[in-house]
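Heads up: the structure comes next, in C-alpha cells.
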Amino acid sequence: MAHHNLDALDKKILRLIAGDARIAFLEVARACNVSGAAIHQRIQKLTAMGVLKGSQFIINPEKMGYETCAYIGLYLKDPGKFDAVVEELKKIPEVVECHYTTGGFDMFIKIYAYNNHHLLNIIHDKLQPLGLARSETIISFNVAIDRQLPVSDFPEDVD
C-alpha cells in the first residue's frame with residue numbers, strides 16, 4: 001500500500017471536507033487562507049493520489065426499511081472459487097461489504113435485510129447456492145461507533 005505524506009494544508013482541507021462533504025470550496029479556501037483555485041487543485045491532487053475516494057450521500061438503511069444488519073463469515077466448499085464467489089456477491093444488492101480476512105473465514109460480508117425472515121431468505125436462496133460449506137451470522141443490534149479516520153491523527157511517516 002502506498003502511503004502519501006500529507007502536509008498541514010492537505011490535513012486541514014481533509015478535516016474540513018470530512019466534517020461536511022457539502023462545504024463550498026470557497027469556504028474551505030477562506031478557512032485555509034488560500035485561493036479557491038488552490039483548494040480545487042489540492043482536492044484534485046488528493047483524489048488522483050487515491051487519498052479521497054469521492055463524495056457521496058449516505059443513505060440510512062433503517063430509514064429505507066432495512067431493519068436487520070448482519071455480518072456473515074463465509075466458508076467456501078472450494079476456496080479456489082473465491083474470485084467467482086465475490087463476483088456473484090456483487091450481484092446481491094443487500095451485500096454492502098465483502099472483506100478478505102485472516103482467521104477461519106474464507107470471506108466476511110456485511111449485509112442489510114428488511115427483517116430476520118428476509119435475512120434467512122438471502123442466506124438460503126442467494127448465499128448457499130454460491131458453494132458455501134457453511135456460514136456464521138452475527139446480527140448487529142445497533143452501531144455504537146461509525147466514523148471516518150480522524151485526519152489529525154494521521155502519522156507523518158509510516159513504513
Side-chain angles (χ1 to χ4, degrees), residues 1-4 6 9-32 36 39-40 42-76 82-132 134-155:
M1 285 277 168
H3 171 71
H4 301 287
L6 304 175
L9 179 57
D10 291 330
K11 289 182 181 182
K12 187 166 187 175
I13 293 167
L14 290 171
R15 272 194 299 277
L16 288 165
I17 65 174
D20 179 6
R22 297 179 72 182
I23 190 170
F25 282 5
L26 194 52
E27 191 174 335
V28 175
R30 281 191 211 112
C32 295
I39 296 301
H40 185 66
R42 288 289 183 122
I43 295 288
Q44 286 182 323
K45 177 190 87 168
L46 292 166
T47 302
M49 290 172 28
V51 173
L52 288 175
K53 295 181 3 178
S55 60
Q56 61 185 350
F57 287 101
I58 299 170
I59 297 169
N60 181 341
E62 193 172 342
K63 298 291 183 185
M64 298 297 294
Y66 291 88
E67 296 181 2
T68 301
C69 173
Y71 296 87
I72 306 175
L74 304 178
Y75 298 87
L76 303 180
F82 186 91
D83 292 337
V85 171
V86 170
E87 288 306 311
E88 290 303 311
L89 287 171
K90 288 178 182 178
K91 298 175 185 176
I92 303 171
E94 295 89 353
V95 175
V96 296
E97 293 180 20
C98 178
H99 298 267
Y100 303 125
T101 63
T102 61
F105 303 127
D106 291 311
M107 59 185 66
F108 195 71
I109 64 172
K110 180 178 180 181
I111 191 167
Y112 285 105
Y114 293 122
N115 51 40
N116 289 349
H117 182 73
H118 182 218
L119 176 62
L120 175 64
N121 288 339
I122 294 166
I123 293 169
H124 183 267
D125 298 340
K126 296 181 179 181
L127 297 179
Q128 286 298 337
L130 299 179
L132 301 186
R134 66 187 182 98
S135 63
E136 290 184 28
T137 302
I138 301 166
I139 294 178
S140 170
F141 290 129
N142 194 16
V143 176
I145 298 172
D146 184 12
R147 62 183 175 205
Q148 295 275 336
L149 283 172
V151 176
S152 60
D153 293 345
F154 288 167

Spatial distance of atom CZ (F82) from atom CE (M107) [nearest 0.5 Å]: 3.5 Å
Tell me, please, which residues at least two apart from N116 pass side chain to side chain donor-acceptor pair (under 3.5 Å). T68
Would L127 and L89 count as a side-chain contact (heavy atoms from CB on, under 4.5 Å) if you check the C-alpha gap in whole Å, the side-chain angles of each, and the deciding distance to 0.1 Å? CA-CA 8 Å; L127 297 179; L89 287 171; 3.6 Å; yes
Find out whether I72 and I111 are in side-chain contact, i.e. whether some heavy atom of one side chain is under 4.5 Å from a heavy atom of the other. yes
For residues 91-120, pull every pair meeting salt bridge (charged side-chain N to carboxylate O under 4.0 Å, His left out), keeping only residues two or more places apart or in separate chains. E88-K91, E94-K126
Spacing of I39 atom CD1 and R30 atom CZ [to the nearest 0.5 Å]: 11.5 Å
Decide side-chain contact (heavy atoms from CB on, under 4.5 Å) for I109 and V96; before the verdict, give the C-alpha distance in whole Å, the side-chain angles of both, and the deciding distance to 0.1 Å. CA-CA 8 Å; I109 64 172; V96 296; over 6 Å; no
Side chain to side chain donor-acceptor pair (under 3.5 Å) involving K53 - partner list, sequence neighbours excluded: none
Does any non-hydrogen side-chain atom of E136 lie less than 4.5 Å from one of Y71? no
Review item, side-chain donor-acceptor pairs of residues 42-49, under 3.5 Å, at least two apart:
| from | atom 1 | to | atom 2 | distance (Å) |
| --- | --- | --- | --- | --- |
| R42 | NH1 | D7 | OD1 | 2.9 |
| R42 | NH1 | D7 | OD2 | 2.9 |
| R42 | NH1 | D10 | OD1 | 2.7 |
| R42 | NH2 | D7 | OD2 | 3.3 |
| Q44 | NE2 | H40 | NE2 | 3.3 |
| K45 | NZ | D10 | OD1 | 3.4 |
| K45 | NZ | D10 | OD2 | 3.1 |
| T47 | OG1 | I43 | O | 2.8 |

If you look only at distance, which donor and acceptor atoms sit under 3.5 Å apart when one is on a side chain in residues 16-29 and the other is two or more places apart or in another chain?
| from | atom 1 | to | atom 2 | distance (Å) |
| --- | --- | --- | --- | --- |
| D20 | OD1 | R22 | N | 3.0 |

Taking every non-hydrogen atom, the tightest pair across Y75 and G104: CE2-O, 3.2 Å
To the nearest 0.5 angstrom, please state how far the CZ atom of F108 sits from the OG atom of S135. 11.5 Å
Could you tell me the separation between the CZ atom of R15 and the SG atom of C32, rounded to the nearest 0.5 Å? 9.0 Å
Please list every donor-acceptor pair under 3.5 Å in which a side-chain atom of residues 56-67 meets a protein atom from a residue at least two apart or in another chain.
| from | atom 1 | to | atom 2 | distance (Å) |
| --- | --- | --- | --- | --- |
| N60 | OD1 | E62 | N | 3.0 |
| Y66 | OH | Y114 | OH | 3.4 |

Taking C-beta and beyond as the side chain, do I123 and L132 meet within less than 4.5 Å on heavy atoms? no
Are side-chain heavy atoms of F105 and L74 found at a separation under 4.5 Å? no
